[in-house]
Number of protein chains: 2
Amino acid sequence: MIKCSVTVDVVVFTILDRRLNLLLIKRLAKPFRGRYALPGGFILEDESTDDAAIRELREETGVRDVYLEQLYTFGAPKRDPRGRVITVAYCALIPPEQELKSSTDASDAAWFAVDDLPSLAFDHAEIVECARTRLRNKLAYTNVGFELLPARFTLTELQSVHEAILGWPLDKRNFRRQILHSETLQPLQSWRQTGRKPARLYRFKQ
Amino acid sequence: MIKCSVTVDVVVFTILDRRLNLLLIKRLAKPFRGRYALPGGFILEDESTDDAAIRELREETGVRDVYLEQLYTFGAPKRDPRGRVITVAYCALIPPEQELKSSTDASDAAWFAVDDLPSLAFDHAEIVECARTRLRNKLAYTNVGFELLPARFTLTELQSVHEAILGWPLDKRNFRRQILHSETLQPLQSWRQTGRKPARLYRFKQ
DNA sequence: TCAAAAGTGTTGAAGATACACCCATGG
DNA sequence: CCATGGGTGTATCTTCAACACTTTTGA
């Protein structure tokens, strides 16, 4: 029976420029100084791991009330050179409308397209892989893609989120039929004039 | 930043009498003395959480080389009255052929049908619920049911495993077509004479 | 010959895939 | 009037669900 340090690490996804991006932070301290790592940190005395993930997310990005889900726990004994540290990994999805702390302050945090990541500290590459796989799978049986969009969105925007997550193009008509048939979207009486023809806005029911 | 104790708890499933059962251990120590709990224990200095689960499983049941999968990590601050303990929960599936330590020694361990569990210590009822849900879902997209059977089995036996996990009856013809179509079974040149008409034996490919 | 479990096909419904053109608007 | 993205329907194929009788054996 030993005591060990416990961290949470959060894979924070968002959509930028129609591509799936995630948040990384450049490490200022050893080990892996100068390398990028997932946002995260040690859990506090009186908070659950979920609460720790929520807190880290707020500290690093300023966002709250977003989708957050526990992913997996990584507990290899040598995964952190400083000693025994196990980490509970989380996955967060944040809509692009959010004012991000990281995009406003002169931070060491930056967004990276998932297909163009730098080399990561610790076992964080493995954690990211785990998160991407989970997200892709989840899209098959849930409508979790909404979480990466603002409250009101067009069907084309939703489709491009799905395409960004899956990594392949979808058929427009099939996508629309399927998503509308699921009855999870509420059509609104507003249209967005983004391109030429205005596009109908929808929102997620509940 | 705090240090906390980390345990692994294992939901060990098996099939007994065509029903899904799980292993529980009567606690001899406080807290929850006399209540049943999941097998598990603290992780050691130099083992991964996976290794700890494998070790606990061997210690409590004597089995090795069985299906084992990480489930979820429970990290509420008050989940253990002794102090801050987080637990990484695992799910194990063991075939009924195994000689179980718990069934041979005069142990405080016992099998319980999942639909007839006693009141459990800690948050173990929640962990069990999580395991049952995961197992049910997993059956929809994998053939994990094999893990609860001996190396050679009949299709009727496999069907009854699926029924025990799902909790409802399946159509025999549809089940057989589906499972044979998946090409994960290898038919053998042997038949089991369990009832009247001999039934063909199969084994899981790889 | 009876009881018990093994084994076996077909039909209809629903869901998934593939595919191409017209529309509304701003420049 | 042209360029851009918005919006729409059909035909086919595959997959899933429902359903009942014959076969083999031991007692």
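Computed from a prediction, not measured in an experiment: that's the story for all the values here. Note on naming: letters A, B, ... go to the chains in the order of the sequence lines (proteins, then strands), and numbering restarts at 1 for each one.
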A:Leu139 CG - C:dA16 P separation (whole Å): 14 Å
Mind calculating the distance between NZ (B:Lys197) and C1' (D:dT25) to the nearest angstrom? 9 Å
Work out which heavy atom in B:Leu158 is nearest to a heavy atom in B:Gly145; give both atom names and the distance. CD1-C, 4.2 Å
Between A:Ala199 and A:Arg173, which residue's closest nucleotide on DNA chain D lies nearer the 5′ terminus? A:Ala199
Starting from the 5' end of DNA chain C, give me the residue, A:Lys172 or B:Arg176, whose nearest nucleotide shows up first. B:Arg176
I need the CD-P distance between A:Glu157 and D:dG5, as an integer number of Å. 13 Å
d(CG, A:Leu170; P, C:dA16) in whole Å: 13 Å
Expected output: side-chain A:Thr87 to main-chain A:Ala89 donor-acceptor under 3.5 Å: no
Can you find a side chain N or O atom of B:Gln193 that sits less than 4.0 Å from OP1 or OP2 on D:dT25? no
Residue pair A:Thr184 / A:Ser182, side-chain donor-acceptor N/O under 3.5 Å: yes
On the side chain of A:Arg177, is there an atom forming a donor-acceptor pair with the base of C:dT17 - under 3.5 Å, no angle test? yes
For D:dG6 and A:Thr156 - does any side-chain N or O of the residue sit under 4.0 Å from the phosphate oxygens OP1/OP2? yes
D:dT12 C1' sits how many Å from A:Asp171 CG, rounded? 14 Å
Can you tell me which nucleotide in C:dG15, D:dT25, C:dT25 comes closest to the side chain of A:His181? C:dG15
Whether over 12 other heavy atoms sit under 6.0 Å from B:Arg19 CZ: no
Within the side chain of B:Arg200, is there an N or O that forms a donor-acceptor pair under 3.5 Å with the backbone of B:Leu188? yes
Specify the separation, in whole Å, of atom CG of A:Leu166 and atom C1' of C:dT17. 16 Å
Taking OP1 and OP2 of C:dA16, is either one under 4.0 Å from a side-chain nitrogen or oxygen of A:Gln178? no
Could you state the CZ-P distance from A:Arg196 to D:dT4, rounded to the nearest angstrom? 7 Å
Value in whole Å for how far the P atom of D:dG6 lies from CG of A:Leu158: 13 Å
Could you say whether B:Tyr202 or A:Asn174 is positioned toward the 5' end of DNA chain C, judged by the nucleotide with the nearest heavy atom to each? B:Tyr202
